Amino acid sequence: MFKYIAKRIAYFIPTLLIISLITFGLSKITPGDPVKLALGNRDSGGDAGQALEKMASEKAYYEKAENLGLNLPTFYLALTSAAEPDTMHKFVKKVDKETLSSLISQYGNWKEIAAYHKQIKDLEYSLFDVVVDNTIFENMKEVKQKVQLLYMTSDDMDINNHIQSLIKNTEGQPRLNSVYLKTQKLQAAYNEMKEKKTPLQNYIPSLKWYGTENQYHRWLFGNAPWFFGEAQPGQSKGFLRGDFGQSYLDSRPIASKLADAIPWTLLMNILSLVIFYSISIPVGVFSATNKGSKADRISTFVLFLMYSLPNFWIATLLVTFITTDEYGLNLFPTYGLGEVDDDMSFLEVAGTRAYHLVLPVFCLVYGGIAYVSRQMRTGMLNTLGQDYIRTARAKGNDEKTVVWKHAFRNSLIPIITIFAGIFPALIGGSFVIEYIFSIPGMGKLALEALTARDFPMIFTVMMLGAILTLVGNLVADIMYSVVDPRISFDK
């Protein structure tokens, strides 16, 4: 057994790495600009405004990108083309990266492409030196718009049209002479990029090695000291050390938000677990040992009825009918966990919380009772039909001994399988129930993260769920061999 457990734990490492790669890969292909999301979608300086304001917003953007580690290479290595520079990761703005990648695939000459991109930026900053009044307002409005469009396009016709429009709006206007000269330089840089193109560079493979200074390594292992010294500002301890990053919603550490939410989800799920296993196992055994009886038929009907009622519907009915005065049955609170004061005793606090958790826990329990008791009944019926059970009866054992001593343990296999699946729910929570009853648990937290596109929170929950699934499977395997010694994992 110990050898098997050691093997399974050893398998955790490559499995965990594969899961982490998948989770990290998904985080990289999610839509939107992660820096803008982290900044609360504040403007990062893309639109023209005052020079100082733009520089301040761009500074905030790049500082946030650096804080998130997005200015680092994505992975330890990358297989790209010889045309792509090994510093491409420093362009943290998604739109810049996409446009530059497209230009590289067309022209392949990074030196000239970088010069063209720099000319766009120079042109943009030259606009801040222009004092705008009514005489040039419309021209400047169009110029600013065209400059922003140049950042986003790699199409030859579009670029030419935008540059010609810039020339048309600035040529012959003394107050826009500096902008006109920048536009001329931009056109020259663009022409040079096209004339000196080396597209064949795109067909030459290039393997780039970045070492441990990359986003994946930082996300998983962190860049803070492991043993001595504290993490400095801008450093991360990494996922494996409990540093899950910051939430995009409120910039709070995700670990802190999880610490607030997990206890309520754990409490609800553990209570539910204890209740529905305590009820469903005896019900399943009774139903199996009295197969075909009137009691069996009634319990089967009731359990199928319970199982067919979705818990969100029952939760809505309960909130509507027994938590308000409208129907005269204001028996339980509708939402939340209740108000507690520092002066209240432990029992008073526990009573307040329990009073508020009665309905949510009930909604989690009744479906589980129906499902687990059916599984228990099926497992028990299969076991009672085995030869060794008939032998036990032939030896003169009473029915109680046959059922609970010889049949019960071997009937627990389906229940253990179900139990293994509960581990991810312990941290994932119930989205619907927690939302309906406003329980500040993991389900509600994950739902809010999904609707707000708070990707660091979403991927942290995914990763923790995957780890708990692995743990659940290991625990189930160990329990299999405990309840049925015939199951051996050492072979």
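In what follows, residues are counted from 1 in the order of the sequence shown. It should be emphasised that the depicted structure is a prediction, and the values quoted were computed from it without experimental measurement.
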Chemist: Any donor-acceptor pair under 3.5 Å linking the side-chain atoms of Ser81 with those of Gln201?
Modeler: no

Chemist: Judged by atom type as modelled, is there a donor-acceptor pair below 3.5 Å linking the side chain of Arg218 to the main-chain atoms of Asn214?
Modeler: no

Chemist: Donor-acceptor pair, Ser438 side chain versus Tyr335 backbone, under 3.5 Å?
Modeler: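 Between the backbone of Tyr335 and the side chain of Ser438 there is no qualifying donor-acceptor contact (under 3.5 Å).
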
Chemist: For the side chain of Asp155 and the backbone of Asp158, is there at least one donor-acceptor N/O pair under 3.5 Å apart?
Modeler: yes

Chemist: Minimum heavy-atom separation for Ile163 to Thr183, with atom names?
Modeler: O-CG2, 4.1 Å

Chemist: Just by modelled atom types, is the Ser27 backbone N or O under 3.5 Å from a matching donor or acceptor in the Thr30 side chain?
Modeler: yes

Chemist: Could you pull out the closest heavy-atom pair between Leu68 and Pro34, with the gap in Å?
Modeler: CD1-O, 4.4 Å

Chemist: So for atom OH, which belongs to Tyr435, do other residues, nucleotides or ligands contribute more than 12 heavy atoms lying within a distance under 6.0 Å?
Modeler: no

Chemist: Would you check if the side chain of Ser272 reaches a backbone N or O of Met268 as a donor-acceptor pair within less than 3.5 Å?
Modeler: yes

Chemist: Over all heavy atoms of both residues, which pair between Thr352 and Glu339 is shortest? Give the atoms and the distance, please.
Modeler: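 Here Thr352 and Glu339 meet closest at CG2-O, 4.0 Å.
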
Chemist: Distance-only check: which donor-acceptor pairs under 3.5 Å involve side-chain atoms of residues 13-26, not counting sequence neighbours?
Modeler:
unit_1: Thr15; atom_1: OG1; unit_2: Tyr11; atom_2: O; d: 2.7
unit_1: Ser20; atom_1: OG; unit_2: Leu16; atom_2: O; d: 3.4
unit_1: Ser20; atom_1: OG; unit_2: Leu17; atom_2: O; d: 2.6
unit_1: Ser20; atom_1: OG; unit_2: Tyr216; atom_2: OH; d: 2.6
unit_1: Thr23; atom_1: OG1; unit_2: Ile19; atom_2: O; d: 2.8

Chemist: Does atom NZ of Lys185 have more than 12 heavy-atom neighbours from other groups under 6.0 Å away?
Modeler: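 Counting other residues, nucleotides and ligands, NZ of Lys185 stays at 12 neighbours or fewer.
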
Chemist: Kindly compute the distance separating CD1 (Ile262) from CE (Met442), expressed to the nearest 0.5 Å.
Modeler: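 Reported value, rounded in 0.5 Å steps: 5.5 Å.
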
Chemist: Mind listing the closest non-hydrogen atom pair of Ala449 and Ile458 along with its distance?
Modeler: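 Heavy atoms of Ala449 and Ile458 come nearest at O-CD1, 3.6 Å.
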
Chemist: Check for a donor-acceptor pair, side chain of Asp341 on one end and backbone N or O of Asp343 on the other, with a separation under 3.5 Å.
Modeler: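 Not a single qualifying donor-acceptor pair exists.
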
Chemist: Measure the CG-CD distance between Asn169 and Glu142 for me, rounded to the nearest 0.5 Å.
Modeler: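 Atom-to-atom, Asn169:CG and Glu142:CD are 4.5 Å apart.
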
Chemist: Rounded to the nearest 0.5 Å, what's the gap from NZ on Lys168 to CD on Gln173? Could you check?
Modeler: 11.5 Å

Chemist: May I ask you to decide if Ser102's main-chain N or O and Ser105's side chain share a donor-acceptor pair within less than 3.5 Å?
Modeler: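 Yes; at least one donor-acceptor contact below 3.5 Å.
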
Chemist: Of the options Trp219, Phe455, Phe239, which is the one that meets Phe244 in a ring-ring contact (aromatic ring centres under 6.0 Å, His included)?
Modeler: Phe239

Chemist: Please answer whether the main-chain N or O of Phe312 pairs with a side-chain N or O of Thr316 as donor and acceptor at a distance below 3.5 Å.
Modeler: yes

Chemist: For the side chain of Asp260 and the backbone of Lys257, is there at least one donor-acceptor N/O pair under 3.5 Å apart?
Modeler: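 Side chain of Asp260 to backbone of Lys257, a donor-acceptor pair under 3.5 Å: no, none is there.
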
Chemist: So, applying side-chain contact (heavy atoms from CB on, under 4.5 Å) with Tyr180, which one of Ile167, Leu166, Val143 is it?
Modeler: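 When Ile167, Leu166, Val143 are each tested with Tyr180, the side-chain contact (heavy atoms from CB on, under 4.5 Å) holds only for Ile167.
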
Chemist: To the closest 0.5 Å, what do you measure between CG (Leu79) and OG (Ser206)?
Modeler: 8.0 Å

Chemist: Are side-chain N/O atoms of Lys196 and Thr198 paired as donor and acceptor at under 3.5 Å?
Modeler: no

Chemist: Quick one: does Glu66's side chain get under 4.5 Å of Glu63's, heavy atoms only?
Modeler: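 With C-beta onward as the side chain, the pair stays apart.
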
Chemist: For Trp313 and Tyr366, I'd like to know if the aromatic rings sit close, meaning centre-to-centre distance below 6.0 Å.
Modeler: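 No; Tyr366 has its ring centre 6.0 Å or more from that of Trp313.
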
Chemist: What distance separates Phe221 CZ from Leu240 CG, expressed to the nearest 0.5 Å?
Modeler: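 One gets 5.5 Å once the value is rounded to the nearest 0.5 Å.
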
Chemist: Do His89 and Tyr210 have ring centres separated by under 6.0 Å?
Modeler: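 Between Tyr210 and His89, which both carry aromatic rings, the centre distance is below 6.0 Å.
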
Chemist: Can you run down the salt bridge (charged side-chain N to carboxylate O under 4.0 Å, His left out) pairs that involve residues 75-91, sequence neighbours left out, and say none if there aren't any?
Modeler: none

Chemist: Where is the tightest heavy-atom contact between Ala261 and Leu445, given as atom of each residue plus distance?
Modeler: CB-CD2, 3.9 Å

Chemist: Taking NZ in Lys121 as the centre, count heavy atoms belonging to other residues, nucleotides or ligands within less than 6.0 Å. Is the count above 12?
Modeler: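 Above 12, so yes.
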
Chemist: Ignoring hydrogens, what is the shortest heavy-atom contact between Gly441 and Trp264? Give both atom names and the distance.
Modeler: CA-CB, 4.4 Å

Chemist: NZ of Lys97: more than 12 outside heavy atoms within 6.0 angstrom?
Modeler: yes

Chemist: Hey, could you give me the NZ/CD distance between Lys64 and Gln246, rounded to the nearest 0.5 Å?
Modeler: 5.0 Å

Chemist: Among all residues two or more places apart in sequence or in another chain, which pass the side-chain hydrogen bond (donor to acceptor under 3.5 Å, both in side chains) test with Glu171?
Modeler: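 Glu171 satisfies side-chain hydrogen bond (donor to acceptor under 3.5 Å, both in side chains) with no other residue.
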
Chemist: Under a plain distance cut-off of 3.5 Å, with no hydrogens placed, do Asp454 and Ser247 share a side-chain donor-acceptor pair?
Modeler: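 Note: Ser247 and Asp454 side chains meet the donor-acceptor criterion.
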
Chemist: Is there a donor-acceptor contact under 3.5 Å from the side chain of Thr99 to the main chain of Tyr151?
Modeler: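 Yes; at least one donor-acceptor contact below 3.5 Å.
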
